[in-house]
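Remarks on the structure that follows.
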Amino acid sequence: MSKSTIQSIRAFEILDSRGRPTLEAHLTLSSGLTAAAQVPSGASTGLSEAHELRDADPARYRGLGVLRAVHNVNAEINAALAGLDPLDQTLIDQTLISLDGTPNKSRLGANAILSASCATARAASLLTGQPLWRYLAGARPAVLPLPMVNILSGGLHAAHAMEFQDFLAIPHAAPSFAEAMRWINSIHHSARLLLEAAGAYFTGVADEGGWGPKLPTNEAALSLLTRAIEHAGLQPGAQVSIALDVASSHFFRDGLYHLQSESRSLTAPEFISLLDHWCRNYPVVSIEDGLDQSAWSDWPALTARLGAQAQIIGDDFLTTNPQRLSRAIAESSANAVLVKMNQIGTLTETFAVIDQARAAGWRAVISARSGETEDSFLTDLAIASGMAQLKVGSITRSERLAKYNRALILEQTASLPHWSAAPALLPPTRPR
Ligand code: PGA
Ligand code: ZN
């Protein structure tokens, strides 16, 4: 038991990067020390995610207010955490889980619970005089992560023709995080020039800060991103690869994957063949949510077919959920898990998923949400996880830059091992 205990926690309604309400919590220790944490929010959410509590009062923020969640922090959570040891994160999170009492944190809200969980960890790091990443890492080997960076957005994050949600660049051969960011800046700029030349440039940015272009098809976006890598003077495949977040649950209906932009509707085997075809023709080494979130019987076929050449990630499919991950590991449904803290709602459960993935020889990508805040907690979590991969969105909009800039500073001040020290945790590379 440390000398300092939790004195109080107080939450506030603030706004996320889409201008929608979310929470910031301030946790105060008996020593007087205070720490804050902010909570993100998704748009293309999975069915099995923990419950994000919103007010459902149409008179405020079209029902999206979080005053009930704020009240839950200030009343019940405040009372339950008072007097507890901030260094015992497991106890804190178990207390929050039991207090809520539901399987999906729907009573108090996963947003309320996560704000308390993260604020406690940050207070504990301050109390112990450690940077957050070191406190979170504990015995795990901290690693500076390889970023996968959104360049083009479609799907629910951009609302134009392309159904796929994210076309991302993975600068795997960059010798440093700083150099990775410089490469990405060149690719991002080249993508704009190519979009302008194609008459497909769309002013403004998509939800995660990338371009939300009016390209006719998903393949046109793949082709443009590959050309943007070349245009930036980099070698597709050898230096920079491509990741896709297909987010396919959002265009899956009645057993078919509806690619309206390509004027076709495909069965799961046909869709897997299409993804395979694109992996052969473009330097794609990572595919997220390539199949519907409930298609348990189809995922093993996707992984068997493409798992050696590509990282097969479950996001909406696994929802950072230990039970879903256990089943997916047992059934060889994928080989990587996307980790989003607010899909599950506490830090302890988030680390359980990370450790479960590591023990199974899976990869993990620590990810932001499309609705983010200026909190950089995620970068520390990614470093602490030791899983060597980070997904934050694009390189515009400061809720994204807060995370990248934290990594840029830590690279120069914390002497962390570079991601290349953990090759087994990275996506495969396929030099062409
Ligand atoms: P979301 O999108 O935060 O809107 O769910 C991010 C992702 O799908 O990876
Ligand atoms: Zn996703």
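Small disclaimer: the values here were computed from a predicted structure and weren't measured. What's counted below: heavy atoms across the whole structure, side chains too, no hydrogens, waters or symmetry copies.
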Intermediate values then yes/no, salt bridge (Lys or Arg N to Asp or Glu O under 4.0 Å), E52 and R369: CA-CA 13 Å; E52 184 178 78; R369 299 305 308 235; over 6 Å; no
Donor-acceptor under 3.5 Å (Q94 side chain, T90 main chain): no
Spacing of I383 atom CD1 and L378 atom CG [to the nearest 0.5 Å]: 10.0 Å
Between Q38 and T22, a side-chain donor and acceptor under 3.5 Å: no
Test log, rule side chain to side chain contact (heavy atoms under 4.5 Å, CB included), inputs V73 and S115: CA-CA 8 Å; V73 173; S115 76; 3.8 Å; yes
Heavy-atom pair with the smallest gap, counting every atom of S248 and Y257: OG-CE2, 3.7 Å
Side chain to side chain contact (heavy atoms under 4.5 Å, CB included) assessment of S41 paired with R20: CA-CA 9 Å; S41 171; R20 296 180 187 166; 5.6 Å; no
Chi angles and distances behind the salt bridge (Lys or Arg N to Asp or Glu O under 4.0 Å) call for R122, D380: CA-CA 10 Å; R122 191 169 259 144; D380 289 72; 5.6 Å; no
Near-ring test W419/H172, centroid separation under 6.0 angstrom: no
Side-chain H-bond candidate by donor/acceptor type, D316 with H250, under 3.5 Å: yes
F251 and F164 aromatic ring geometry - parallel, tilted or perpendicular at 30°/60° bounds: parallel
Plane angle bin for W211 and H188 - parallel if under 30°, tilted between 30 and 60°, otherwise perpendicular: parallel
Residues, nucleotides or ligands: over 12 heavy atoms within 6.0 Å of H26 NE2: yes
R140 side-chain N/O to S385 backbone N/O, donor-acceptor pair under 3.5 Å: no
Main-chain N/O of A247 paired with Q165 side-chain donor or acceptor, under 3.5 Å: no
Residues in salt bridge (charged side-chain N to carboxylate O under 4.0 Å, His left out) contact with R397, at least two apart in sequence or another chain: E399
Shortest non-hydrogen separation from Y282 to L222 and the atoms involved: CD1-CD1, 3.7 Å
Whether R430 side chain and C279 backbone form a donor-acceptor pair below 3.5 Å: yes
Contact summary for A110 and N342, nearest pair of heavy atoms: CB-O, 4.3 Å
H418 (side chain) donor-acceptor with A174 (main chain) under 3.5 angstrom: yes
Closest non-hydrogen atom pair, A357 against A364: CB-CB, 4.5 Å
Residue of the set I366, I313, D166 for which side chain to side chain contact (heavy atoms under 4.5 Å, CB included) holds with K391: D166
Criterion side chain to side chain donor-acceptor pair (under 3.5 Å) against K340, the qualifying member of T320, T319, T45, D315: D315
Distance-only donor-acceptor check, side chains Q89 and D93, under 3.5 Å: yes
Polar side chain donor-acceptor pair, N104 to S106, under 3.5 angstrom: yes
Which residues share a side-chain contact (heavy atoms from CB on, under 4.5 Å) with A69, sequence neighbours left out: L23, L53, V66, N111, A112
More than 12 heavy atoms from other groups under 6.0 Å of CZ on R68: yes
Sidechain-backbone polar pair: S333 side chain, W299 backbone, donor-acceptor under 3.5 Å: no
Nearest non-hydrogen partners of P283 and P236, listed with the distance: CG-CB, 3.8 Å
Test side chain to side chain contact (heavy atoms under 4.5 Å, CB included) applied to I344 and V353, step by step: CA-CA 10 Å; I344 189 70; V353 163; 5.8 Å; no
Given I187, V149, I170, the one that forms side chain to side chain contact (heavy atoms under 4.5 Å, CB included) with V240: I187
Side-chain (S394) to main-chain (N150) donor-acceptor, under 3.5 angstrom: yes
Flag for R18-S370: side-chain donor and acceptor within less than 3.5 Å: yes
For P427 against L146, the heavy-atom pair lying closest together: CD-CD2, 4.1 Å
Stepwise salt bridge (Lys or Arg N to Asp or Glu O under 4.0 Å) test for E372 and K403: CA-CA 10 Å; E372 267 296 333; K403 282 78 164 168; 2.7 Å; yes
Criterion side chain to side chain contact (heavy atoms under 4.5 Å, CB included) on V365 and M387, from CA distance to verdict: CA-CA 7 Å; V365 180; M387 296 305 282; over 6 Å; no
Backbone of I409 reached by a side-chain donor or acceptor of T413 within 3.5 Å: yes
Between E349 and T346: side-chain donor-acceptor atoms closer than 3.5 Å: yes
Distance-only donor-acceptor check, side chains Q343 and N321, under 3.5 Å: no
N/O donor-acceptor pair under 3.5 Å between S30 side chain and T5 backbone: yes
R363 (side chain) donor-acceptor with L426 (main chain) under 3.5 angstrom: yes
